[in-house]
2 protein chains.
Amino acid sequence: MARVRKTVTIRDVAEDAGVSLQTVSRVVNGGPNVRPQLRDKVRASIDRLGYVPSLAAQRMSGSRSYIILAINDRERTLADWRARLGTDWVDQMLLGGILTCSQHGYRMMVELVDTHSDHVERELGAALSALQPDGVILTPPHSENRLITQLLAERNIPFARIGSNAPGPGIPLTMGDESAAHLATSRLIELGHRRIAMIAGPPQYSLSGWRIDGWKRALDEAGLPHDGLLEVGDFGYASGTRAARALLDRHADLTAIIGSSDQMTLAALEVARDRGLSVPHDLSLISFDNTPIVRFSQPPLTAVDQPIAETVSRAVEQLIARGPDGDDDAVIEVPAGLVERYSTAPPPVEAPAQAQAHAPGRA
Amino acid sequence: MARVRKTVTIRDVAEDAGVSLQTVSRVVNGGPNVRPQLRDKVRASIDRLGYVPSLAAQRMSGSRSYIILAINDRERTLADWRARLGTDWVDQMLLGGILTCSQHGYRMMVELVDTHSDHVERELGAALSALQPDGVILTPPHSENRLITQLLAERNIPFARIGSNAPGPGIPLTMGDESAAHLATSRLIELGHRRIAMIAGPPQYSLSGWRIDGWKRALDEAGLPHDGLLEVGDFGYASGTRAARALLDRHADLTAIIGSSDQMTLAALEVARDRGLSVPHDLSLISFDNTPIVRFSQPPLTAVDQPIAETVSRAVEQLIARGPDGDDDAVIEVPAGLVERYSTAPPPVEAPAQAQAHAPGRA
DNA sequence: ATGAAAGCGCTAACAC
DNA sequence: GTGTTAGCGCTTTCAT
């Protein structure tokens, strides 16, 4: 049994280069006080031996762990993965997170923690103790969970709150939900719509409120009404169905709906189809999220695109740059964009015909 | 500035319980030689203090790192994430991986490494040195990359090869590609098809060949021809378009195509549409992968479902169970299933009408 | 069945 | 500028 090739350690490099451990360490970490000549020599040894510092050892010696931990809601994430509906939130997080982390020599790990559970603290605490991350990224609905933010603050671990702009510890980042909703609503108004409804997300999410605010503001600015035009869902398909039905029942003159999630908007599309309403000719739809499937619905949905990758990337940068101090004040806003597809058009000239028979699609 | 609450270490527990460090360690790791009485006492202290061992320290002291590293092709993965086509390969890996890892007290990390690059060794070597994972999961095309498997074998790190059944080090796992292709083809034959083409994946992927084998076997068993009915793509959309056109040009009597990826099959669907061929009435289509979007095409595609989560889960279990030894022999096969949707039907009674005008969909 | 001692690979603090 | 010393938190020996 051939002896397994031992791991190359800092000691090997030191010997090879004929210097002390400390010098190697300094070179590796770009520390000062190393003569260029020696530095190059050490570098050469490092390359030749293929030395890479052990994360564990670095962590042990009291320096950083070089780990950023991204925390997602366990229940929702698992449900998304299992449903296979193409929700690519986690993928986009990884895209932004892994790339930016690796640029700084960090790694990103993802952890699922249950919000609803009363053992959030245990769960999260365990992850923190085991991993000892240098930074944590919180996503809704964790971003504003007091138990979580307090725990992080107590342990003095820098963290980012995505989808939260509340004061307090942690770096707040948003995707400009108010502006995005305003933008979407304005676009609809521009197209000529006067009755624009919104299916909002659940109130536990701050961004649900921001989107309502943006919608209302655009309506107000145009002197348009919004009473009775708001329904609240839970981001899920079924709630979208309920909401769309209620809205359509209540307002015969409704010509546009903004849904606060793809699933709810897709549900609205289905409700419209059931009622013989053509989208976008009788009813315009704008969605939030812009997950892959809205490009494949009939018609493809106009949607507000959440810049998740970019936001996570920014969060990582902040976490790494700021380190353990806590200048948490300015909210970082990464603006969302509006992707226009085929679910938006000018409203019908007359009120939409009730259940007009229209060209049958398949099914 | 209040002193940050120090991390709870094994020493704290030892003091609290009035025992030695070693005893605590034994309790934590389920070691033998601890009186139940003492064990309970220690456990109580652990709970009270909320002690969780530091991964880094565990790793340092020569025991396991409790990390499983999943390695994906950098280029392809980033392309998928950026394209936002709903490819959920990584999500499914995480679903299977994270859950199974956490059941055993492990964590999963994902790393992107570039196959094509000549610095595979450096890239992968660096990740291994930094992370020192207890196990590695390779996915195609890495699974059969000699540079990678050799490196892993040399370093004596247990690894799983997903999508590879070659002999050699590493635990081989497949998703039964031969059987799946056979199943899909048989189903088509059962429906009455006699001319069944295949658009295969690139030859660098073993599974491309297996799928061809399964298709041929089913054809042979039914006494059906397969000459001229095979085209090779690269899994991408454009290659699917090319292949479908070639196939349709060559065989006026073609009534079914099996595509070795969703993108290629979706491309075939588009080609059929362009030629006025109705799917499934003129042409049946079966896809491989079953990513979310094939449920939303018109019509939704019948597809072979790759049990990625389950396969990764099995890989993790093997890695953890086997440890550093290497009984690498039996191929573990996690069978794929066939999800029947609406792209498959009996072939037309006559040869399909050339460019028959059919009900216009949107666009 | 339990404890004491040594050391994993690295960096911070302090010499020189 | 560079080397030496001490420890990080844990698990291994090895005693007892």
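Reckoned from all heavy atoms, side chains included, excluding hydrogens, waters and symmetry mates. Below, chains carry the letters A, B, ... as their sequence lines are ordered, and counting in each starts from 1.
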Checklist outcome for this item: Residue set satisfying side chain to side chain contact (heavy atoms under 4.5 Å, CB included) with P141(A), at least two apart, ordered chain then number -> D73(A), T115(A), Y205(A)
Checklist entry - By side chain to side chain contact (heavy atoms under 4.5 Å, CB included), which residues pair with V19(A), not counting sequence neighbours? => result A17(A), T23(A), V24(A), L38(A), V42(A)
Name all pairs fulfilling the ring-ring contact (aromatic ring centres under 6.0 Å, His included) condition that reach into [range], sequence neighbours left out, sorted by first residue then second.
range	result
residues 135-155 of chain B	none
residues 6-41 of chain B	none
residues 37-70 of chain A	Y66(A)-Y106(A)
residues 16-44 of chain A	none

Check residues 26-36 of chain B and write down every donor-acceptor pair under 3.5 Å in which the side-chain atom is one partner and the other belongs to a residue at least two apart or another chain.
{"from": "N29(B)", "atom 1": "ND2", "to": "S25(B)", "atom 2": "O", "distance (Å)": "2.9"}
{"from": "N29(B)", "atom 1": "ND2", "to": "S25(B)", "atom 2": "OG", "distance (Å)": "3.4"}

Checklist entry - Would you say the side chains of N165(B) and T174(B) form a donor-acceptor pair under 3.5 Å? => result no
Item to check | Check: T100(B)/S313(B) side-chain N/O donor and acceptor closer than 3.5 Å | outcome: yes
Item to check | Crowding at CZ, R11(B) (>12 non-hydrogen neighbours, <6.0 Å) | outcome: no
Next on the checklist: Each nucleotide in nucleotides 7-16 of chain D should get exactly one letter: B, S or -. Can you fill that in based on protein heavy atoms under 4.0 Å?
Outcome noted: BBBBSB----
Next on the checklist: Please enumerate all residues that pass salt bridge (charged side-chain N to carboxylate O under 4.0 Å, His left out) together with R122(B), with sequence neighbours excluded.
Outcome noted: none
Checklist entry - Of the residues in residues 34-44 of chain B, which ones touch DNA chain C at a heavy-atom distance under 4.0 Å? => result V34(B), R35(B), L38(B)
Checklist outcome for this item: In short, the helix from dA1(C)-dT16(D) to dC16(C)-dG1(D) is bent end to end, axes from five pairs each side, to 10°, by 40°
Next on the checklist: Under a 4.0 Å threshold between the charged nitrogen and the carboxylate oxygen, would E111(B) count as salt-bridged to R107(A)?
Outcome noted: yes
Checklist outcome for this item: Outer limits of DNA chain C sitting under 4.0 Å from a non-hydrogen atom of chain A, read 5' to 3', are dG9(C) to dA13(C)
